[in-house]
Engineer: 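Dumping the structure here so I can ask a few things about it.
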Amino acid sequence: MTQTDYAAMERPIFEAWKDAGYFQRTPGFGEHAGESYTIVIPPPNITGVLHMGHALNDTIQDACIRRARMRGFQTRWIIGTDHAGISTQTKVDKRLAEQGISRLEIGREAFIEECYKWYEEYGTTIVNQIKGMGCSCDYDDEHFTLEPAYVRAVRKLFVDWYRDKLIYRGKRIVNWCPSCTTAIADDEAEYVDEAGHLWYLRYPLTEPVDGLEYLVVATTRPETMLGDTGVAVNPKDERFGHLVGRTVKLPLVDREIPIFADWHVDTEFGTGCVKVTPSHDPNDWAMGERAGLERINIFDETAHVVEGYGEFTGLSRDEAREAVVAAFEALGLLDHVEDHDHSVMTCYRCHTKLEPWESEQWFVAVDGLKEAAARVVEDGSIQFHPARWKQVYLDWLANLKDWCISRQLWWGHRIPMFYCDDCGWEDASVDEVEVCPVCGAPVRQDDDVLDTWFSSQLWPFATMGWTEEGMDAPQMRTAYPTQVLSTARDIMGLWVARMVMASMYCCDDTIPFEDVIIHPTVMAADGKPMSKSRGNGVDPLRLMEDYGADGMRYGLLMQVTGAQDMKFNEAKLESSRNFANKVKNASRFVLMNLEGYEPGAPEPVTPADRWIFSRLAKIVAAVDDGYDNFEFGDITRELYGFVWNEFCDWYIEFSKARLAEGADRSDRAACQRNLVFVLGQILRLLHPIMPFITEEVYAEMPKDEEAAPMLIVAPWPNAAELARFVDEEAERSIAMVCEVVGAVRSTRSRYGISPKVALPVAVKVAAEADAALLLAQAHLIGQLANVEEFEVAVETSKPAESAVVLGSGLEVYIVLAGHVDFDAERARLARERDGVAKDVAKFEKKLSNPGFLAKAAPEIVEKDKAKLADLADKLARIEAQLAELG
RNA sequence: GGUCGCGUGGCGCAGCGGGAGCGCAGGUGCCUUACAAGCACAAGGUCGGGGGUUCAAAUCCCUCCGCGACCACCA
């Protein structure tokens with residue numbers, strides 16, 4: 001098999017779209033002229049390369065934006081990249097380390113320069129890959145979350161929230177990544193199950209009570225005992241009530257710490273006594289707050305034990321654990337150890353175990369923001385697709401806690417807080433502050449940067465001129481809110497909800513987007529998430545090489561369902577590539593039969609024309625419906641079936657005789673026009689999903705003067721206008737033709753009769769009207785089934801030595817005299833009789849059920865009665881034929 | 001612990017109250033002048049198990065089993 005070079009075909013088409021300016025805000029046309037339709041792409045990280053999630057998500061967005069463009073909207077798909085704080089810093093660190101350079105040696109400024117170098121080198125990679133997919137983004141107005149205007153937007157929001165007291169600074173326990181040496185937000189932490197242990201440690205009482213010398217506490221993290229400042233018991237726990245107020249002498253560090261009561265303690269777990277380390281556990285922190293306990297930080301920023309702990313100082317968390325357990329054992333204070341599975345928090349970036357760590361951080365008070373974000377989803381201003389994600393979103397908001405936004409990194413938006421160390425002045429400012437406005441001394445800016453999501457939340461409007469002109473910016477006035485946001489389910493809270501909160505705050509209570517598509521996650525063929533470590537990933541770039549961008553796009557959308565995952569199925573891409581090929585071949589057929597073509601309005605003349613026009617009208621309506629509900633799987637399956645199984649398999653076949661030499665000239669012209677019309681509509685319907693091949697074919701199609709220069713801006717099929725072509729009689733007529741053709745073909749196949757041998761055929765139909773319809777299409781049957789002496793009648797008897805095929809409302813007799821062994825036919829009829837008899841019995845039972853007759857909808861009863869009559873009749877006829885065959 | 005998704009022919013999935021469908025793989029026959037990445041034809045399923053509602057259940061309810069996701073807790 002020769003491999004097609006898809007890129008070679010696709011690239012020039014992409015360039016042509018781009019050069020013609022169709023990716024920028026097109027003016028629009030028709031009934032939607034002047035209405036805008038905007039999508040913001042979830043900005044890929046500058047460290048990223050295209051993966052399957054992008055491939056699917058970007059296909060969805062491109063399909064939406066291309067259809068909107070074809071419907072005449074002024075469209076814009078905003079593209080750009082995210083500076084990706086932790087991720088980029090980690091990669092640049094690694095790259096420097098390979099050269100033997102440490103970030104700390106070269107300092108902040110030089111390091112940031114290195115990050116920009118990375119951005120220059122790799123930041124365009126993923127954008128180029130998105131271009132390779134054919135995505136019609138506005139590449140001439142690309143954005144970056146660290147571009148100057150964006151930086152001002154971030155600072156503006158920080159300052160506004162600071163003034164509104166929605167941002168505050170506090171010393172809190174946060175999730176600390178000792179590897180990235182930064183705080184991360186609660187929702188950036190990932191929980192991983194771990195097979196661990198529960199160590200039971202003995203804490204001697206300072207003074208024995210009633211002969212009791214020690215308490216036993218259970219812990220999964222014995223090393224943190226160095227920072228214990230209390231032991232908690234449940235206030236209702238009778239075992240320990242009398243000990244509350246006493247103290248224990250903490251081993252190894254010789255610290256006297258109180259025993260106190262707190263409702264948080266679970267009497268069922270462990271021993272009912274809990275060691276409390278406020279600085280290294282969020283629950284202990286809370287208990288410590290309530291009990292007024294001392295807070296002792298035993299770890300440095302890389303999670304090594306700090307000075308002052310003797311042999312333990314300088315040990316890592318794991319080393320300290322071993323050492324502490326060994327020391328307890330040596331002292332006879334290790335009661336016992338149990339196996340215990342629990343989950344540990346890890347860094348979503350580097351997967352290092354996080355350390356709850358006390359530090360000073362900046363927070364966003366979410367209570368003032370989350371209500372508005374919940375309201376606009378509750379009242380339907382923002383709709384989720386599938387709808388069930390609405391609840392997930394609302395639950396996320398309901399459980400939201402204050403958001404830690406400071407990160408101890410260098411790459412990112414530096415927190416715009418300025419401090420005067422001389423007089424203690426401090427303030428937030430959009431502009432740089434050099435000297436203290438109070439005392440004139442030099443000031444310093446906060447060293448930390450903001451969480452990357454802090455800048456991401458501004459994406460829909462910071463990319464539209466909001467920074468300088470706010471809601472008066474031209475784009476904000478005309479194109480905000482945007483229409484659709486499509487994204488993966490895992491960043492629903494992290495990103496989607498925060499965009500809503502930020503937009504409601506910044507943009508005068510305006511929502512950022514109207515519809516949110518949560519697409520399924522692309523899982524590997526084994527049903528597991530694609531990952532490097534599993535080695536089960538699939539590379540979209542390879543898929544585009546093998547199936548073309550069109551094949552990949554179509555094949556991915558075909559797999560989209562309302563479920564939360566989709567198991568990646570490469571076979572669908574293969575089918576899609578074959579489908580694209582089919583479209584091209586069908587087009588070739590049409591184009592090579594256009595000799596003497598004269599343009600004109602399409603007008604269905606034959607029943608076949610009326611049938612395909614009717615089917616087209618219904619498909620257009622179904623496709624529109626699919627887009628309106630964001631059901632991409634339905635759209636692709638619907639189109640696949642129509643184009644392949646109706647247009648190609650039947651309509652083109654029907655057309656061949658009409659196009660042949662010697663055919664009626666005016667009918668030939670009508671046929672040409674209708675083929676061009678239907679194919680043209682098909683190209684439009686397929687274009688949002690398979691943009692390249694459809695554009696390529698469109699270039700070859702005959703066009704009149706008003707025709708759009710390229711398919712990308714050709715008008716989308718108009719369902720309302722096409723509705724006049726719906727024609728049930730034509731559909732019935734062609735359905736009968738297909739049935740008769742199928743009957744003859746199947747009989748030939750069964751008896752091994754070559755298509756080259758013409759066979760006489762008689763058809764018995766139920767009504768005179770059907771006879772007329774069918775007889776009028778005798779030529780089609782002759783053409784597709786090689787039939788001679790074709791007869792149709794309501795009253796006709798089965799010809800001698802013929803096979804019979806029973807259809808719905810008709811009976812096809814194929815004369816096989818001289819071709820067939822009738823024993824085989826007899827056996828086949830007997831088998832069919834048994835099948836029909838079974839169905840008859842089933843319907844008789846159903847129709848003799850008084851409940852059914854009384855309660856079922858009348859039309860259902862009528863339908864089933866007719867069905868039974870039909871089946872009974874069929875059965876009788878089979879019996880008759882069997883009798884005749886002897 | 002809570003919430004949600006999925007279990008339909010060999011494989012991947014549609015269908016979600018009225019006689020089980022699609023694609024792929026497999027079978028048979030075809031180089032039929034658009035297409036062998038194709039054409040034609042045939043075969044293949046007690047719709048995870050059990051119970052219930054209903055005249056009628058793959059479809060609704062309950063329950064169990066099996067996969068999976070998210071949130072909370074986990075000393």
Side-chain angles (χ1 to χ4, degrees), chain A residues 1-2 4 187 191 196 198-199 217-221 224 231-232 264-266 269-277 281 283-284 287 340-344 386 388-389 391-392 395-396 399 489-490 492-493 520-521 523 525 527-529 547 551 555 558-559 561-572 574-593 633-634 637 640-641 645 648-649 652-653 656 660 741-742 745-750 752 754-756 784 786 839 842-843 846-847 849-857 859-861 863-864 867 871:
Chain A
M1 194 198 307
T2 53
T4 310
D187 37 36
Y191 287 85
L198 207 47
W199 283 271
V217 299
T219 179
T220 54
R221 299 200 54 201
T224 62
V231 172
H264 171 78
V265 179
D266 179 354
F269 191 89
T271 58
C273 298
V274 184
K275 63 184 271 311
V276 180
T277 323
D281 182 284
N283 290 306
D284 290 7
M287 285 195 279
H340 179 67
D341 295 343
H342 62 136
S343 58
V344 293
R388 73 188 133 81
W389 293 108
Q391 203 49 51
V392 178
D395 289 348
W396 188 86
N399 295 324
R489 58 187 153 84
D490 54 340
M492 168 99 96
T521 303
M523 296 297 190
K528 300 253 168 20
Y547 308 106
M558 264 211 273
Q559 297 175 66
T561 69
Q564 62 184 11
D565 299 328
M566 52 182 253
K567 217 182 284 186
F568 178 68
N569 184 200
E570 194 163 330
K572 281 277 192 282
E574 199 179 337
S575 304
S576 298
R577 178 254 265 142
N578 295 350
F579 179 50
N581 204 234
K582 187 79 180 172
V583 171
K584 199 171 170 178
N585 279 312
S587 308
R588 184 190 300 166
F589 171 82
V590 173
L591 293 169
M592 71 194 285
N593 280 291
D634 288 352
R637 282 185 290 267
Y640 188 100
N645 303 123
C648 292
D649 288 351
I652 284 185
E653 293 304 323
K656 284 179 177 171
V741 170
R745 283 173 175 171
S746 146
T747 303
R748 276 184 196 285
S749 170
R750 195 176 328 120
S754 161
K756 295 190 174 100
L784 298 193
N786 195 11
D839 284 346
K842 193 156 128 193
F843 277 84
K846 192 173 182 182
L847 283 160
N849 178 342
F852 174 71
L853 295 172
K855 297 191 182 179
E859 63 270 21
I860 297 291
V861 176
K863 201 183 121 200
D864 284 353
K867 197 81 213 178
L871 285 167

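Order of the sequence lines fixes the chain letters, A, B, ..., with proteins taken first and strands second; residue numbering starts at 1 for each chain.
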Engineer: When the distance from CG of D634(A) to P of C13(B) is rounded to whole Å, what number comes out?
Structural biologist: 16 Å
Engineer: Describe the nucleic acid contact of D395(A) in one word from base, sugar-phosphate, nothing, applying a heavy-atom distance below 4.0 Å.
Structural biologist: nothing
Engineer: Under 3.5 Å, is there a donor-acceptor pair between the side chain of R637(A) and the main chain of M558(A)?
Structural biologist: yes
Engineer: Is K656(A) close enough to U32(B) that one of its side-chain N or O atoms is under 4.0 Å from OP1 or OP2 there?
Structural biologist: no
Engineer: Between G10(B) and G44(B), how far is it from one C1' atom to the other, in whole Å?
Structural biologist: 9 Å
Engineer: Hey, which of these two, S587(A) or R745(A), hits RNA chain B nearer its 5' end, going by closest nucleotide?
Structural biologist: S587(A)
Engineer: Of the options C41(B), A69(B), G12(B), whose atoms approach the side-chain atoms of S749(A) most closely?
Structural biologist: C41(B)
Engineer: Between C35(B), G18(B), C24(B), which nucleotide gets closest to the side-chain atoms of R588(A)?
Structural biologist: C35(B)
Engineer: Across the strands shown, which category fits V276(A) at heavy-atom distances under 4.0 angstrom: base, sugar-phosphate, nothing?
Structural biologist: nothing
Engineer: Whole angstroms only, please: what is the CG-C1' distance between N581(A) and G23(B)?
Structural biologist: 17 Å
Engineer: P atom, C13(B) versus A20(B): distance in rounded Å?
Structural biologist: 23 Å
Engineer: Over how many whole Å does the gap from W389(A) atom CH2 to C70(B) atom P extend?
Structural biologist: 9 Å
Engineer: Could you measure between the two C1' atoms, the one in C71(B) and the one in U8(B), and give it in whole Å?
Structural biologist: 31 Å
Engineer: For N585(A) and U33(B), give me the distance from atom CG to atom C1', rounded to whole Å.
Structural biologist: 13 Å
Engineer: Classify the nucleic acid contact of D649(A) as base, sugar-phosphate or nothing, counting any heavy atom under 4.0 Å across all strands shown.
Structural biologist: sugar-phosphate
Engineer: Within the 4.0 Å heavy-atom criterion, would you say I652(A) contacts the bases, only the backbone, or no part of the nucleic acid?
Structural biologist: base
Engineer: Counting only side-chain heavy atoms from C-beta out, which of A69(B), C13(B), A34(B) sits nearest to M592(A)?
Structural biologist: A34(B)
Engineer: When all nucleic acid strands are considered with a 4.0 Å heavy-atom cut-off, which category describes Y640(A): base, sugar-phosphate, or nothing?
Structural biologist: sugar-phosphate
Engineer: Counting only side-chain N and O atoms of K572(A), is one of them less than 4.0 Å from OP1 or OP2 of G12(B)?
Structural biologist: no
Engineer: To the nearest Å, how far apart are Q564(A) CD and U3(B) P?
Structural biologist: 15 Å
Engineer: Tell me which nucleotide among C74(B), A14(B), C35(B) gets nearest to the side chain of N283(A).
Structural biologist: C74(B)
Engineer: Say you pick atom P in C64(B) and the same atom in C4(B); how far apart are they, in whole Å?
Structural biologist: 15 Å
Engineer: Please check the phosphate of G38(B) (OP1 and OP2 only) for any side-chain N or O of N578(A) closer than 4.0 Å.
Structural biologist: yes
Engineer: With rounding to whole Å, what would you report as the distance between C74(B) and C65(B) at their P atoms?
Structural biologist: 28 Å
Engineer: Measuring only the C1' atom in each nucleotide, how far is G9(B) from C22(B)? A whole number of Å is fine.
Structural biologist: 12 Å
Engineer: Can you give the dot-bracket line for RNA chain B, using ( ) for pairs inside the strand, [ ] for pairs that cross earlier ones, | for pairs with another strand and . for unpaired bases, where Watson-Crick and G-U count if both distances are under 3.5 Å?
Structural biologist: ((((((((.[[[[.)..(..]]]]..((((.......))))......[[[[[..)....]]]]])))))))....
Engineer: Please determine, for the side chain of R577(A), which listed nucleotide (A34(B), A37(B), C74(B)) has the closest atom?
Structural biologist: A37(B)
Engineer: Tell me which nucleotide among G18(B), C39(B), A69(B) gets nearest to the side chain of K582(A).
Structural biologist: C39(B)
Engineer: Please report the shortest heavy-atom distance between P755(A) and N786(A), naming the atom on each side.
Structural biologist: O-ND2, 2.7 Å
Engineer: Rounded to whole angstrom, note down the C1' distance from C41(B) over to G49(B).
Structural biologist: 38 Å
Engineer: Select base, sugar-phosphate, or nothing to describe what A580(A) touches, counting heavy atoms under 4.0 Å on all strands.
Structural biologist: nothing
Engineer: Taking only residues two or more places apart in sequence or in another chain, which ones pass ring pair (Phe, Tyr, Trp, His ring centres under 6.0 Å) with F589(A)?
Structural biologist: none
Engineer: Please enumerate all residues that pass salt bridge (Lys or Arg N to Asp or Glu O under 4.0 Å) together with K582(A), with sequence neighbours excluded.
Structural biologist: none
Engineer: Where the side chain of A563(A) is concerned, which of C6(B), C71(B), G68(B) is the nearest nucleotide?
Structural biologist: C6(B)
Engineer: When we call it a touch if two heavy atoms are under 4.0 Å apart, what does R750(A) touch: a base, just sugar-phosphate, or nothing?
Structural biologist: nothing
Engineer: Below 3.5 Å, does any donor atom in the side chain of E653(A) face an acceptor in the base of A34(B), or the other way round?
Structural biologist: yes
Engineer: Give one of base, sugar-phosphate or nothing for A586(A), where a contact means two heavy atoms less than 4.0 Å apart.
Structural biologist: base
Engineer: Starting at the 5' end of RNA chain B, which residue's closest nucleotide do you reach first, K846(A) or V590(A)?
Structural biologist: K846(A)
Engineer: Minimum heavy-atom separation for T220(A) and W199(A), please, with both atom names.
Structural biologist: O-CZ3, 3.5 Å
Engineer: Please determine if a side-chain N or O atom of T521(A) lies less than 4.0 Å away from the OP1 or OP2 oxygen of A69(B).
Structural biologist: no
Engineer: Whole angstroms only, please: what is the CG-C1' distance between L198(A) and C73(B)?
Structural biologist: 15 Å
Engineer: Please name the pair of heavy atoms, one in K275(A) and one in R221(A), separated by the smallest distance, quoted to 0.1 Å.
Structural biologist: NZ-O, 4.0 Å
Engineer: Do the side-chain N and O atoms of N578(A) and E574(A) include a donor-acceptor pair separated by under 3.5 angstrom?
Structural biologist: no
Engineer: Looking at S575(A), I'd like to know whether one of its side-chain N or O atoms comes within less than 4.0 Å of OP1 or OP2 on A37(B).
Structural biologist: no
Engineer: Could you check whether any side-chain N or O of S587(A) sits under 3.5 Å from a backbone N or O of V583(A), counting only pairs where one atom can act as donor and the other as acceptor?
Structural biologist: yes
Engineer: The side chain of R388(A) is closest to which nucleotide in this list: A34(B), G68(B), C4(B)?
Structural biologist: C4(B)
Engineer: Grab the two heavy atoms, one from A232(A) and one from M287(A), that are nearest each other, plus how far apart they are.
Structural biologist: CB-SD, 4.0 Å
Engineer: Specify the separation, in whole Å, of atom CG of D490(A) and atom C1' of C70(B).
Structural biologist: 10 Å
Engineer: How close do T271(A) and V217(A) get, counting heavy atoms only, and between which atoms?
Structural biologist: OG1-CA, 3.9 Å
Engineer: Between A58(B) and U46(B), how many Å separate the two P atoms, rounded to a whole number?
Structural biologist: 13 Å
Engineer: Would you mind telling me which of G12(B), C41(B), G23(B) lies closest to the side-chain atoms of K567(A)?
Structural biologist: G12(B)
Engineer: Students often get this wrong, so: under 4.0 angstrom with heavy atoms, is M492(A) touching a base, only sugar-phosphate, or nothing?
Structural biologist: nothing
Engineer: Rounded off to whole Å, could you give me the CE-to-P distance for the M523(A) and C11(B) pair?
Structural biologist: 20 Å
Engineer: Show, in sequence, the C-alpha distance, side-chain angles and deciding distance for M492(A) and W389(A), and conclude whether the side-chain contact (heavy atoms from CB on, under 4.5 Å) test is met.
Structural biologist: CA-CA 9 Å; M492(A) 168 99 96; W389(A) 293 108; 3.5 Å; yes
Engineer: Which nucleotide sits closest to the side chain of F852(A): G18(B), A34(B), A14(B)?
Structural biologist: G18(B)
